[in-house]
Engineer: 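Structure below; questions to follow.
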Protein chains: 2
Amino acid sequence: MSMEVREEIAVCGGKLLNLSHYASVVNCNMNVNVYLPQQYYTGSDGPIPVIYFLSGLTCSPHNASEKAFWQIQADKYGFSVVYPDTSPRGENVPDDSAYDFGVAAGFYLNATEEPYKKYYQMYDYVHRDLPAQLMDYFNNLKGTKVDFMVNISITGHSMGGFGALSGYLQNYGTKKYKACSAFAPIVNPTNVPWGQKAFGNYLGNDKSKWQLYDPCDLIKRVRNDGDDIILIHQGTNDTFLKENLKSQLLLEASKGTSWENKIDLRLVNGFDHSYYFVSSFVPEHAKFHAKHLGLI
Amino acid sequence: MSMEVREEIAVCGGKLLNLSHYASVVNCNMNVNVYLPQQYYTGSDGPIPVIYFLSGLTCSPHNASEKAFWQIQADKYGFSVVYPDTSPRGENVPDDSAYDFGVAAGFYLNATEEPYKKYYQMYDYVHRDLPAQLMDYFNNLKGTKVDFMVNISITGHSMGGFGALSGYLQNYGTKKYKACSAFAPIVNPTNVPWGQKAFGNYLGNDKSKWQLYDPCDLIKRVRNDGDDIILIHQGTNDTFLKENLKSQLLLEASKGTSWENKIDLRLVNGFDHSYYFVSSFVPEHAKFHAKHLGLI
């Protein structure tokens, strides 16, 4: 339960910590980046809330740290940002030569199949183990006021957008996350090539296990008991939209459910799948989350 | 005199164009990125001014486009940003295995030595040929209102910070650039390893030729005839500060000259040499340039 600070980088008014820690749930060392906003250093009135940003295929924690530009928003509103890695890594971790499966493609689920299940427990890592370890480390070290476990929300890009939607909905009953948003998410993994490949290998052939993670299935089973809105941006020039992302399917699945008209899907003209797209809409997502985290 | 649009990417309220064009002055095809702000598309009152951002060692036009986050500032104030490449490239271009010389290390000067002089004419490319080609292309194509040649200013990072200072001062007499700023620039290349290696190879052993490009020498010969200020940010944790950047030397050189107290050098505590540093201070530089370009 200890963190190694590999780098502490001044960014905007705060610091980005590049951390490494052993996570027994995934049986390996994990990298994670944490941005502590200026309010952490100047003293804040209360505990600083946290946004978890889940990244997409091929990413490490650095891609979004460098290119999504959450930091200036974090300073503006006073939240911390956690950038988890996208899979377990290391010599022993079973991998695949494809970019869409194995290392950097953990799909934020708990694998049940050999040889993956020993390491690919990314659901438990992101939603349980990592927050607890961050809480433990920062509390012990500095008596900090960052709240990594209670006043938190979640977002992500592409595979990470799927991870955010899936984790938010699976934990909706306990109100674990105050809000959820996504950038170009995979919304219906059980019906698209990226998801079918990953789910088949990680979860096996029993598709009832797949549905536990599928946002299009979850919104039918998880009751929206308030006015909770999910904010999603999707670029119309995204080359993955038609085959793998299919954001429209989430809107269709919501019809007749408690989530009807609660999915705020914004198709944005001309935007692609890159971090140029993500960074362009981070200000809107930051405002959305800041509101739900009680910052505005 | 034609431009190939390799990609047109929606970013913030405008578009980033990844362009390629043949530049006879450097005898090869050059890549350049141009951000056209939302004002270009929504219609602006007058010609849109331009900031040239010169990148550092190892960079292509993409590094700063992706990580410096000028785009949101460009939309805010209404300027275009041009990201030139850092050297000629291609099979025929003489290169070196080191990161600090040859391809991606053109040092924004006109080489006089073999085998470099045929290609490494980056001074003429950046300050003369590129602006003319951009003006020609955009005027012919769209009757645009972007002013790539008159209401312009210049900035850059590291080697590009040197390029900005050097180009600004060499052209100060004609007021070619309305303002100049720099992020962690090499200020005294003739006295540091990076500069000595590059200048020796590109310019030969006659050090009188080196001085034509050296900001610490230029400020003694170029008279500041108004209230022109050069804005520089430099991180105190920059690993290149002590040996290669040495920003303090520019302040020292300015003493007793017309530039004394006109170099606004801001040492910023804890910042490193990365784009995390650059992006953190781009908002201040954007405001500085916007003011000198008549936008605020």
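Note: hydrogens, waters and symmetry copies are ignored here, and every other heavy atom, side chains too, is used. Just so we're on the same page: letters track the sequence lines, and every chain starts at 1.
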Engineer: Can you sort out the partners of B/Leu19 under side-chain contact (heavy atoms from CB on, under 4.5 Å), two or more places apart, ordered by chain and number?
Structural biologist: B/Met3, B/Val5, B/Leu17, B/Val32, B/Val34, B/Leu134, B/Phe138

Engineer: So which N and O atoms of chain B and chain A form donor-acceptor pairs under 3.5 Å?
Structural biologist:
from	atom 1	to	atom 2	distance (Å)
B/Cys12	N	A/Ser280	OG	2.5
B/Glu66	OE1	A/Lys67	NZ	3.1
B/Lys67	NZ	A/Glu66	OE1	3.1
B/Ser280	OG	A/Cys12	N	2.5

Engineer: Residues in ring pair (Phe, Tyr, Trp, His ring centres under 6.0 Å) with A/Phe271, at least two apart?
Structural biologist: A/Phe281

Engineer: Most heavy-atom pairs under 4.5 angstrom with chain A, which of B/Ala68, B/Gly235, B/Cys12, B/Gly270?
Structural biologist: B/Cys12

Engineer: Mind checking what makes ring pair (Phe, Tyr, Trp, His ring centres under 6.0 Å) contact with B/Phe162, not counting sequence neighbours?
Structural biologist: B/Phe199

